[in-house]
Amino acid sequence: MRLSWTNLPFKARNRAEFSQGLTNWLGQVFYEQLPGHGYEVREEQIYTAFRMAGALAEGQPLFAEAGSGTGKTFAYLLPAVCYARFQGRPVVVATSSKVLQAQLIGPQGDIQALSRLLGPGIDARLATEPGEYVCRRKADALFLHRPKGWKALHSWARKTKTGARSEVPRTPDELWDQVSWDPSLPCDACRMRATCHVSAARQRCRAATDLIVTDHRLFAADLLTRAERLATGHLPLLPAYSAVVLDEAHHWPETWQRAQGHVVSRRRLAQTLDLIAGYARKRARGSSLQRRYERLADVVVAQVREAGRRLLDSVAAAVGPEEGKRTIPRAGSVMEAVDGLVTAVEQLQDELATEETMNEGLESEVTIRAFQARLDDLLAALSMLREPDSLPWLEGEDMWVVPRRPLPLYGEQTLSTGTPVLFSSATLEPAYMARVLQINRYGTSRVGVPFNLAEQVLVYRPAEEADDVAETVKIIEAMRGRALVLLNSRADLERYRRSLTSAGLPWRILFEGDGERGAMLTQFRKDASSVLVGVTFWEGVDVPGESLSCVVIPRLPFPAHDPLIRERREQAQARGEDPFLAVDLPEMLIRLKQGAGRLIRTAQDRGVLALLDLSYLRHPWRDLVADALPEGAEVTADLQRIAAFCRDGRR
């Protein structure tokens, strides 16, 4: 039976017939059709597909954990396409990375592969955030302030057929912000509405019959704004859908919480004020209102600039120089600076409101509205920061503030009960994630990788506690390089940099931060004896073959007690639970499984997982750590054995 966009590959007049028909059809596809095209029969993949099909038919959420190499995308794409056709509305597939989006919807992606194998007609559309498209009116208004590089961008904006930023990937963020679509624009009355790139992109998505591929952030934004947009006569960001697949789902809880908050960026604030000041100075030239515009640029904008600097400097001084998310205290100089910035911004908005009235119907009105929208976002962040029921932190130079307790995924303002959501990832802790997302009823599915890990992996564990750097050096020497070292903090990275650099090892050592991430991974793949050391390589690293023959984990990756983790711990304690067992342990296990999953990517790979932290052996939860390691793999403390294991396959 072949897929055709006009029908299902089986008859189904009700949910019971759909469930049975889908199960039978999936069995034929996985056991007969795909093997006929050279695909392996993977029982882990088939089991996952059956569990996902059942969750869709029952209309309930499912947490589906399936290890790397299982073929998760085929497992959810096939039931999702059928469910979309049964319901008459597409299924949303949201990912956390553009890499996975390309793997799904690219010319050689999984969706096209299924279309070639099972018959043409799977209709999948990519939904990109509106800010990734150019606004033609904003682009035409560039001549008002003529920033560096504006001519080339303006020329492209007049000729492009899609308006997508992906066509001009080298455009700096500062310049793109001046031409990109934003929610402040008067789209309903826009004279260019008929040729609007955002509208055209939305129309393409609204015509989707099977799948809409997007990212976590846009799906979150759609959920949070859908009811309001419909109530005000605006179309939602995404068309109506029948179900949702959240791939890379272990990232979703934090994305969902961030989506309900705000960020204050030092760079974006400075850029906004530069644009407003530049606009005012150009208006002042030869104008009868010269004094007014000079005052706007040199007094009103300058006051906001100084108030913003005072706030961000006071926040930086209050939180200290540590890495990660640093809690912002609501006291003293910080809150005084917040009040000062609110006052300055409100004065600037009053001036811009007058300016908007004076420019009604002109191109400059679009520019002024964009300024106002940015200032509205800033005031919303400051307002939330003042609320005790929020979590503020500094991350790099960005100030974040999010609600202390995010909205439940299912609720009056979000998803309706009965909308199935498939959470798919190689690493999930269902009970923990369900509690964070306030999901009470859900199903689970868990399968390992379709590899013989007992034969392909050897676990190295020192016989006794030892200096982690010294032990890492011994492992690198035994393996003759070919290792990925996963660390937990920038401080650890610098410590390893100093020690490994002075160790005089004959292999190239690549340290995170010495180059662009993608370039470093390429170099690591090409140089089979090199060693890669980093903090952010726990996931997103796919290096099959000899180059990655060993993963070294010096310390178990317990989460730092940043504001989000601290709040979850406090909530657990309020429920009478042990915060460590309820929060720290599941967070650590998710990350540990991600790191261990970097080692074996194909059935031909062999490798060593070196876990140097022995502290877990003293605790009652030691079996949970053991379960997160490659199933069936032998454990050894013999360095000579690990060298021989990868060299000639002997245990």
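Under a cut-off of 6.0 angstrom, the local environment of CZ in Arg217 is sparse, with at most 12 non-hydrogen atoms contributed by other residues, nucleotides or ligands. Within a 6.0 Å radius of CD in Glu516, other residues, nucleotides and ligands contribute more than 12 heavy atoms. In the displayed structure, Glu167 atom CD is contacted under 6.0 Å by more than 12 heavy atoms of other residues, nucleotides or ligands. Other residues, nucleotides and ligands place no more than 12 heavy atoms under 6.0 Å from the CZ atom of Arg158. Other residues, nucleotides and ligands place no more than 12 heavy atoms under 6.0 Å from the CD atom of Gln413.
Interatomic distance, CG of Asp210 versus CD1 of Ile111, reported as 9.0 Å (0.5 Å rounding). His251 NE2 to Asp215 CG: the interatomic distance, rounded to the nearest 0.5 Å, is 12.5 Å. Note: Arg266 CZ to Leu394 CG = 8.5 Å, rounded to the nearest 0.5 Å. For the atom pair CD (Gln372) and CD (Glu356), the distance works out to 6.0 Å, reported to the nearest 0.5 Å.
In this structure, the side chain of Ser390 engages the main chain of Met384 through a donor-acceptor pair within 3.5 Å. A distance-only check finds no donor-acceptor pair linking the side chain of Glu395 to the backbone of Asp398 [under 3.5 Å]. Distance alone, capped at 3.5 Å, is enough to place a donor-acceptor pair between the Gln260 side chain and the Leu407 backbone. Using a distance-only test at 3.5 Å, with no hydrogens or angles considered, no donor-acceptor pair links the side chain of Glu351 to the main chain of Arg292.
Under the rule for a side-chain contact (heavy atoms from CB on, under 4.5 Å), the partners of Glu323 that lie at least two apart in sequence or sit in another chain are Ser489, Arg490, Ala491. Partners of Phe86 by ring-ring contact (aromatic ring centres under 6.0 Å, His included), not counting sequence neighbours, listed by chain and number: Phe18.
The pair Arg291-Glu294 does not meet the salt-bridge criterion, since no charged nitrogen lies less than 4.0 angstrom from a carboxylate oxygen. A salt bridge links Arg305 with Asp274: the closest approach of a Lys/Arg side-chain nitrogen to an acidic carboxylate oxygen falls below 4.0 angstrom. Ion pairing between a basic and an acidic side chain is recognised when a charged N comes within 4.0 Å of a carboxylate O; Glu567 and Arg405 show no such pairing. Salt-bridge check for Asp173 with Arg165: passed, with a basic side-chain N closer than 4.0 Å to an acidic carboxylate O.
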**Message:** Run the side-chain contact (heavy atoms from CB on, under 4.5 Å) test on Met358 and Glu355 for me, step by step, so that the C-alpha distance in whole Å, both residues' side-chain angles and the decisive distance to 0.1 Å come before the verdict.
**Reply:** CA-CA 5 Å; Met358 294 167 57; Glu355 186 69 11; 4.1 Å; yes

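The closest side-chain heavy-atom distance from Leu153 to Gln178 is not below 4.5 Å. In this structure, Arg202 and Cys196 have side chains that are not in contact, with every pair of non-hydrogen atoms separated by 4.5 Å or more. Between Tyr76 and Val91 the shortest side-chain heavy-atom distance does not fall below 4.5 Å. Looking only at side-chain heavy atoms (C-beta outward), Met335 and Arg386 come within less than 4.5 Å of each other. For the pair Glu539 and Thr427, the minimum side-chain heavy-atom distance is 4.5 Å or more. Inter-residue side-chain proximity for Thr327 and Val319 is flagged as unmet; no heavy-atom pair is nearer than 4.5 Å. The shortest side-chain heavy-atom distance between Arg267 and Glu397 does not fall under the 4.5 Å cut-off. The shortest side-chain heavy-atom distance between Thr95 and Gln103 does not fall under the 4.5 Å cut-off.
There is no side-chain donor-acceptor pair under 3.5 Å between Gln87 and Ser242.
Classified by interplanar angle (parallel below 30°, tilted 30° to 60°, perpendicular above 60°), the ring pair Trp176/Trp156 is tilted.
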